[in-house]
Amino acid sequence: MESALASWGEFNVAIAGAGAALGGLLIVALSVNIKQIAESRGLAARAGAAISALILGVVLACAALIPGQELWAFGVEVLVGSLAGGVIAFLAARAILQDDTPGHQHRWDAQHIASFVFPLVVYAVGGVLIVLSLPAGLVVVALGTIVALIGAVVFSWVALVEILR
């Protein structure tokens with residue numbers, strides 16, 4: 001009988017490759033306008049949080065490919081990764097809220113923070129379901145990864161174009 005993790009193998013291979021490539025592109029996008037990003041605590045924090053959520057998806061996809069791994073063990077890995085990402089998200093949110101860069105608009109802070117916290121919440125819910133040996137948690141973790149990918153693409157656009165407006 002095929003394990004629940006094994007049936008997600010192709011998805012995880014695709015996510016690991018796509019996420020790693022997108023992570024590299026995000027870093028290149030950041031380097032194009034690094035001066036403007038570095039001058040703003042909030043933008044730098046958003047960049048770090050976006051990369052963190054994206055790379056967590058890549059790491060989890062790779063972890064899910066470990067042969068013979070029990071489903072509950074993967075759930076623990078998801079929860080530990082979510083916790084680590086949560087620490088980064090907390091520090092980023094604090095930096096965004098304390099950003100006093102001229103031109104920083106606080107009206108968008110909640111939206112910006114939600115964009116990198118939401119995938120972590122989805123990952124954590126998936127991790128809990130997986131620890132409880134509910135294979136539906138794998139679908140939830142997959143959704144978290146997709147949301148993190150979308151968030152990274154959106155922030156890449158901000159890093160390349162919106163900063164210059």
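We use all heavy atoms of the structure for the numbers below, so side chains are in, but hydrogens, waters and symmetry mates are not.
When all heavy atoms are compared, the tightest approach of Val131 to Gly75 is CG2-C, 3.5 Å. Here the closest heavy-atom approach between residue Val117 and residue Ala89 is recorded as CG2-CB, 4.1 Å. The shortest non-hydrogen separation linking Ala152 to Leu54 is CB-CD2, 3.8 Å. Nearest heavy-atom pair across Gly85 and Ser52 is CA-OG, 4.2 Å. Among all heavy-atom pairs drawn from Ala64 and Asn12, the shortest one is CB-ND2, 3.3 Å. The two residues Phe116 and Ala50 have their closest heavy-atom pair at CB-N, 4.5 Å.
Atom-to-atom distance recorded for Glu70:CD and Ser133:OG is 8.5 Å, nearest 0.5 angstrom. Distance check: Leu25 CG to Leu30 CG gives 11.0 Å after rounding to the nearest 0.5 Å. Note that the OG1 atom of Thr145 and the CG atom of Leu60 stand 6.5 Å from one another [nearest 0.5 Å]. One distance of note links CD of Glu10 with CD1 of Ile15; it measures 13.0 Å at 0.5 Å rounding. For the atom pair CG of Leu120 and CZ of Phe90, the computed distance is 14.0 Å after rounding to the nearest 0.5 Å. Rounded to the nearest 0.5 Å, atoms CD1 (Ile130) and CG (Leu71) are 6.0 Å apart.
In this structure, the side chain of Gln69 engages the main chain of Ala63 through a donor-acceptor pair within 3.5 Å. Put simply, the side chain of Ser82 gets close to the backbone of Val78: a donor and an acceptor are under 3.5 Å apart.
For the pair Val125 and Val141, the minimum side-chain heavy-atom distance is 4.5 Å or more. Using a 4.5 Å heavy-atom threshold, the side chains of Tyr123 and Leu143 count as separate. A heavy-atom distance below 4.5 Å is found between the side chains of Leu138 and Phe74.
Following chains of ILVMFWY side-chain contacts shorter than 4.5 Å, one cannot reach Val58 starting from Val80, and the two form parts of different hydrophobic clusters. Linking ILVMFWY residues whenever their side-chain heavy atoms come closer than 4.5 Å, directly or via other members, places Val121 and Ile96 in the same cluster. There is a path of hydrophobic side-chain contacts, each under 4.5 Å, that joins Phe11 to Leu149. Note on Leu83 and Val140: separate hydrophobic clusters, where clusters join Ile, Leu, Val, Met, Phe, Trp and Tyr whose side-chain heavy atoms are under 4.5 Å apart, directly or indirectly. Clustering ILVMFWY residues whenever any of their side-chain heavy atoms sit less than 4.5 angstrom apart, transitively, puts Ile66 in a cluster other than the one holding Val59.
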Run the side chain to side chain contact (heavy atoms under 4.5 Å, CB included) check on Trp72 and Leu132 step by step: do they pass? CA-CA 7 Å; Trp72 67 266; Leu132 296 173; over 6 Å; no
